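Every chain is numbered from 1, with letters handed out A, B, ... down the list of sequences. Since we're looking at a predicted model, the values are computed, not measured.
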Protein chains: 2
Amino acid sequence: MSNSEVAELPVLRDGDVVPCCPPITAGELSRADAEKMAAMFKALSDPVRLRLFSKVASHPGGEACVCDIADVGVSQPTVSHHLKKLREAGLLTSERRGTWVYYRVAPSVVAAMAAMLDLRA
Amino acid sequence: MSNSEVAELPVLRDGDVVPCCPPITAGELSRADAEKMAAMFKALSDPVRLRLFSKVASHPGGEACVCDIADVGVSQPTVSHHLKKLREAGLLTSERRGTWVYYRVAPSVVAAMAAMLDLRA
DNA sequence: GAGAGACATCGACAGATATCGAAGCAAGGA
DNA sequence: TCCTTGCTTCGATATCTGTCGATGTCTCTC
């Protein structure tokens with residue numbers, strides 16, 4: 001990822017919450033809001049990331065270590081790469097406990113995306 | 001319908017409806033479902049497309065002609081390119097009436113995406 | 001400490017994507 | 001019929017993205 005272009009798109013740190021953006025029917029999106037929202041959707045725009053995300057989301061206890069979800073048909077570095085993207089988008093958080101790293105869903109961000117898509121015309 | 005391995009990702013024609021995919025917490029996503037969902041999210045993963053979409057969605061009457069929404073900071077061919085992507089993803093439909101082409105939101109597809117994001121842990 | 005296992009980062013590369021100018025096509029008006 | 005306007009398609013190009021093997025870092029065990 002090339003550093004610092006136009007939109008600063010700050011990298012989210014684990015645990016951050018983004019209460020982003022009005023429903024998409026509320027009016028024209030500002031450029032800044034559009035950038036934020038696009039970044040979140042982009043995080044879910046890859047089949048591998050989507051499968052990783054759903055594995056975490058559906059895992060008992062609400063969290064899963066990488067070893068539990070890594071079987072998605074790509075190499076281990078690629079899995080790590082995608083998990084990083086999901087983390088940076090604020091969709092997942094990670095925590096190291098001993099040997100393993102556990103991921104869990106950051107609910108508020110996903111809820112925000114769902115709210116934006118709530119059409120209710 | 002569950003035949004394809006490599007997921008041919010058929011281009012959607014205007015008016016098609018995709019009743020796609022279970023909630024993301026319901027369990028692991030199949031490869032095919034992940035491909036479908038990723039294609040929809042990818043359509044909204046660009047700031048320009050997001051702004052175009054919100055302009056259509058928030059336009060009085062639920063539809064807008066290209067001339068009404070084309071001011072998003074990129075050239076007119078680029079606008080057309082993005083509208084085509086949104087059409088192919090099933091998020092917008094288009095109809096020519098005389099000189100102008102009108103776009104409107106395809107609600108069912110967007111509702112499907114919102115449903116998938118409905119966490120309800 | 002040394003070794004092993006679990007993840008992350010690095011470097012490289014093929015394929016996809018966004019963007020533009022130019023050209024094409026359709027519809028309406030002079 | 002020709003011209004203008006609205007929109008799409010085409011061709012070119014710079015940039016981004018997904019993927020992998022190799023390597024680095026952390027932690028636990030012996």
Side-chain angles (χ1 to χ4, degrees), chain A residues 1-7 9 11 13-14 31 34-35 38-53 55-56 63-89 92-104, chain B residues 6-9 11 13-14 31 34-35 38-53 55-56 63-89 92-104:
Chain A
M1 203 184 285
S2 60
N3 34 355
S4 73
E5 270 303 348
V6 255
L9 273 189
V11 169
R13 307 185 63 81
D14 293 354
R31 180 184 292 251
E35 299 266 0
M40 298 192 296
F41 283 120
K42 176 169 279 184
L44 290 181
S45 72
D46 181 276
V48 172
R49 282 199 290 274
L50 225 31
R51 295 185 72 196
L52 287 170
F53 186 87
K55 283 196 174 199
V56 172
E63 67 176 11
C65 90
V66 178
C67 56
D68 287 329
I69 61 176
D71 181 24
V72 287
V74 293
S75 70
Q76 185 272 321
T78 301
V79 168
S80 197
H81 165 76
H82 284 304
L83 287 173
K84 183 180 184 179
K85 292 248 178 179
L86 288 166
R87 235 186 313 145
E88 289 177 347
L92 293 181
T93 62
S94 68
E95 180 192 358
R96 168 157 227 140
R97 287 208 294 276
T99 304
W100 296 280
V101 176
Y102 291 86
Y103 281 80
R104 58 170 56 239
Chain B
V6 193
E8 64 254 33
L9 274 188
V11 169
R13 307 184 62 84
D14 293 354
R31 179 182 295 247
E35 300 266 0
M40 300 193 294
F41 283 120
K42 177 168 281 184
L44 290 181
S45 72
D46 181 278
V48 173
R49 283 199 289 274
L50 223 31
R51 296 185 71 198
L52 287 170
F53 186 87
K55 283 194 174 201
V56 172
E63 67 176 12
C65 90
V66 178
C67 55
D68 287 330
I69 61 176
D71 181 24
V72 287
V74 294
S75 71
Q76 195 277 326
T78 301
V79 168
S80 196
H81 164 77
H82 284 304
L83 287 173
K84 182 179 184 179
K85 291 254 177 177
L86 288 167
R87 237 185 319 157
E88 289 177 346
L92 293 182
T93 62
S94 68
E95 180 193 358
R96 168 158 228 139
R97 285 208 294 276
T99 304
W100 295 280
V101 175
Y102 291 87
Y103 280 80
R104 57 170 57 241

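- Considering only side-chain N and O atoms, B:Ser80 lies under 4.0 angstrom from the phosphate OP1 or OP2 of D:dT8.
- Spacing between atom CZ of B:Phe41 and atom C1' of C:dT17 amounts to 20 Å, rounded to whole angstrom units.
- Here the C1' atom of nucleotide C:dG29 and the CH2 atom of B:Trp100 are 12 Å apart, to the nearest Å.
- Not a single donor-acceptor pair under 3.5 Å links the side chain of B:Ser80 to the backbone N or O of B:Pro77.
- You'll find the side chain of B:Met40 stays beyond 4.5 Å of the side chain of B:Leu44, heavy atoms only.
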For nucleotides 11-16 of chain C, print each protein N/O atom paired with a nucleotide N/O atom at under 3.5 Å, atom names and distance only.
none

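- The distance between atom CD of B:Glu88 and atom P of C:dA18, rounded to the nearest whole Å, is 11 Å.
- Of the candidates D:dC28, D:dT19, D:dT9, the closest approach to any side-chain atom of A:Val48 belongs to D:dT19.
- Less than 4.0 Å separates DNA chain D from at least one heavy atom of each of the following residues of residues 68-76 of chain B: B:Gln76.
- Using modelled atom types, no side-chain atom of B:Arg51 and backbone atom of B:Phe53 make a donor-acceptor pair closer than 3.5 Å.
- Nearest heavy atoms, A:Trp100 versus A:Cys67: CD1-SG, 3.7 Å.
- One finds no side-chain N or O of A:Arg96 lying less than 4.0 angstrom from the OP1 or OP2 phosphate oxygen of D:dT25.
- In this structure a side-chain-to-backbone donor-acceptor pair under 3.5 Å is missing from B:Arg49 to A:Ala38.
- The side chain of A:Pro77 lies closest to D:dA22 when the candidates are C:dA26, C:dC7, D:dA22.
- The two residues A:Lys42 and B:Ser45 make their nearest non-hydrogen contact at CA-CB, 3.4 Å.
- Remark: the backbone N or O of B:Gly98 is paired with a side-chain donor or acceptor of B:Arg96 at under 3.5 angstrom.
- Heavy-atom nearest nucleotides on DNA chain D were determined for B:Val101 and for A:Ser45, and the one closer to the 5' end corresponds to B:Val101.
- The distance between atom NE2 of B:His81 and atom P of C:dT17, rounded to the nearest whole Å, is 9 Å.
- For A:Lys55, the side chain to side chain contact (heavy atoms under 4.5 Å, CB included) partners at least two apart in sequence or on another chain are A:Ile69, A:Asp71, A:Val72, B:Glu28.
- What separates NE2 of B:His82 from C1' of C:dC20 is a distance of 11 Å, to the nearest Å.
- Between B:Tyr102 and D:dC7, a side-chain N or O to OP1/OP2 separation shorter than 4.0 Å is absent.
- Rounded to whole angstrom, the span from the CZ atom of A:Arg97 across to the P atom of D:dC28 amounts to 13 Å.
- B:Asp46 has its CG atom 9 Å from the C1' atom of C:dT17, to the nearest Å.
- In this structure, A:Thr99 reaches the sugar-phosphate backbone alone: every heavy-atom distance under 4.0 Å involves primed, P, OP1 or OP2 atoms, never a base.
- Residues B:Val56 and B:Tyr103 share a closest heavy-atom pair of CG1-O, 3.4 Å.
- Taking atom CD of A:Glu95 as the reference point, atom P of D:dT27 lies 13 Å away to the nearest angstrom.
- Of the candidates D:dG18, C:dG21, C:dT17, the closest approach to any side-chain atom of B:Lys85 belongs to C:dT17.
- Contact between A:Leu86 and A:Leu52 at its shortest, heavy atoms only, is CD1-CB, 4.4 Å.
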